[in-house]
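What follows is a single structure, written as structure tokens, with notes after it.
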Amino acid sequence: QVQLVESGGGLVQAGDSLRLSCAASGRGFSNYAMGWFRQAPGKEREFVAAISWTGRITYYVDSVKGRFTISRDNAKNTVYLQMNSLKPEDTAVYYCAARVGISRVPGEYDYWGQGTQVTVSS
């Protein structure tokens, strides 16, 4: 069982940066691949980025490539999402999730955080 808590969201202007954190508690964090997803009002939850348990493999949705970076610190049981050059279309609730084996598919993740709001004004 893994519990996940996101933090770091907020209200920023277009072009600004934010770093989201997802702190995990419970057993076996370093065994899990981690993903970041987001959900805007009236839209389905979508994949943003994922990282393997070693940190060697990362996936990104095309719309954030070159702007967002996912990383993890297994010693701190934390995964991060560095978001640069933010755009209004990045506005959403951001969720972190955990599963065994890296994936882009939300339905394949077993554990989810409560989400953190990111709002980007133009």
Side-chain angles (χ1 to χ4, degrees):
Q1 190 79 8
V2 175
Q3 293 80 42
L4 304 172
V5 179
E6 302 96 335
S7 62
L11 171 63
V12 297
Q13 293 187 332
D16 286 350
S17 298
L18 277 176
R19 188 176 81 157
L20 304 183
S21 299
C22 174
S25 59
R27 289 187 171 183
F29 172 77
S30 60
N31 295 327
Y32 289 94
M34 300 297 296
W36 283 99
F37 299 82
R38 64 188 179 187
Q39 188 165 20
K43 295 188 176 181
E44 292 188 354
R45 191 167 299 188
E46 69 165 349
F47 168 75
V48 177
I51 188 167
S52 64
W53 70 273
T54 62
R56 295 192 188 113
I57 300 171
T58 56
Y59 298 155
Y60 296 93
V61 67
D62 285 347
S63 60
V64 308
K65 284 180 181 177
R67 299 189 299 123
F68 290 12
T69 303
I70 189 171
S71 62
R72 66 189 296 161
D73 185 336
N74 287 343
K76 295 183 178 180
N77 284 4
T78 302
V79 64
Y80 304 97
L81 186 67
Q82 178 66 44
M83 306 186 295
N84 298 329
S85 302
L86 282 160
K87 303 176 180 181
E89 51 264 43
D90 295 318
T91 294
V93 177
Y94 283 71
Y95 299 89
C96 68
R99 73 180 302 272
V100 176
I102 192 171
S103 171
R104 296 177 176 89
V105 180
E108 295 182 351
Y109 279 77
D110 300 307
Y111 304 104
W112 290 84
Q114 83 291 347
T116 185
Q117 176 71 48
V118 172
T119 303
V120 184
S121 63
S122 58

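What you are looking at is a predicted structure, and each value in this text was computed from that prediction instead of being measured. Numbers here simply count residues along the sequence, with the first being 1. Both backbone and side-chain heavy atoms feed into the values below; hydrogens, waters and symmetry mates do not.
The side-chain hydrogen bond (donor to acceptor under 3.5 Å, both in side chains) contacts involving residues 9-22 comprise S17-N84, where partners must be two or more places apart or lie in separate chains. Applying the ring pair (Phe, Tyr, Trp, His ring centres under 6.0 Å) test to pairs two or more places apart or on separate chains, those with a residue in residues 99-118 are Y32-Y111, F37-Y109, F37-W112. Residue pairs satisfying the salt bridge (Lys or Arg N to Asp or Glu O under 4.0 Å) criterion with at least one member in residues 1-12, sequence neighbours excluded, are absent. Sorted by first and then second residue, the disulfide bond (SG atoms under 2.5 Å apart) pairs involving residues 31-70 (not counting sequence neighbours) form an empty list.
Under the side-chain contact (heavy atoms from CB on, under 4.5 Å) criterion, W53 pairs with R72, not counting sequence neighbours. Listed by chain and number, the residues in a side-chain hydrogen bond (donor to acceptor under 3.5 Å, both in side chains) with T54 are S52 (sequence neighbours excluded). The side-chain hydrogen bond (donor to acceptor under 3.5 Å, both in side chains) search around E89 returns none, not counting sequence neighbours. Residues that satisfy the salt bridge (charged side-chain N to carboxylate O under 4.0 Å, His left out) test with K65, not counting sequence neighbours, are D62. Among residues two or more places apart in sequence or in another chain, the side-chain contact (heavy atoms from CB on, under 4.5 Å) test is passed with S30 by N74. Under the side-chain hydrogen bond (donor to acceptor under 3.5 Å, both in side chains) criterion, S7 pairs with no residue at all, not counting sequence neighbours. Scanning for side-chain contact (heavy atoms from CB on, under 4.5 Å) contacts around T58 gives I51, Y60, I70, with sequence neighbours left out.
Heavy atoms only, all atoms of each residue included: Q39 and K43 are closest at NE2-O, 3.1 Å. Residues V79 and F29 approach most closely at N-CZ, 4.3 Å, considering heavy atoms. Summarising the geometry of V118 relative to M83, their closest heavy-atom pair is CG2-CE, 3.9 Å, with the distance given to 0.1 Å. The two residues A49 and L81 come nearest to each other via the heavy atoms CB-CD1, 4.1 Å. Minimum interatomic distance between M34 and L4 (heavy atoms only, all atoms of both residues): CE-CD2, 3.9 Å.
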Extract all donor-acceptor atom pairs below 3.5 Å that involve side chains of residues 92-106 and protein atoms in other chains or at least two apart in sequence.
unit_1	atom_1	unit_2	atom_2	d
Y94	OH	R38	NH1	2.9
Y94	OH	D90	O	2.6
R99	NE	E108	O	2.7
R99	NH1	G101	O	2.4
S103	OG	V105	N	3.0
S103	OG	E108	OE1	2.6

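Atoms OG1 and CG, on T91 and L11 in that order, are 8.5 Å from each other to the nearest 0.5 Å.
Taking 4.5 Å as the limit, some side-chain heavy atom of D73 sits within range of a side-chain heavy atom of Y80.
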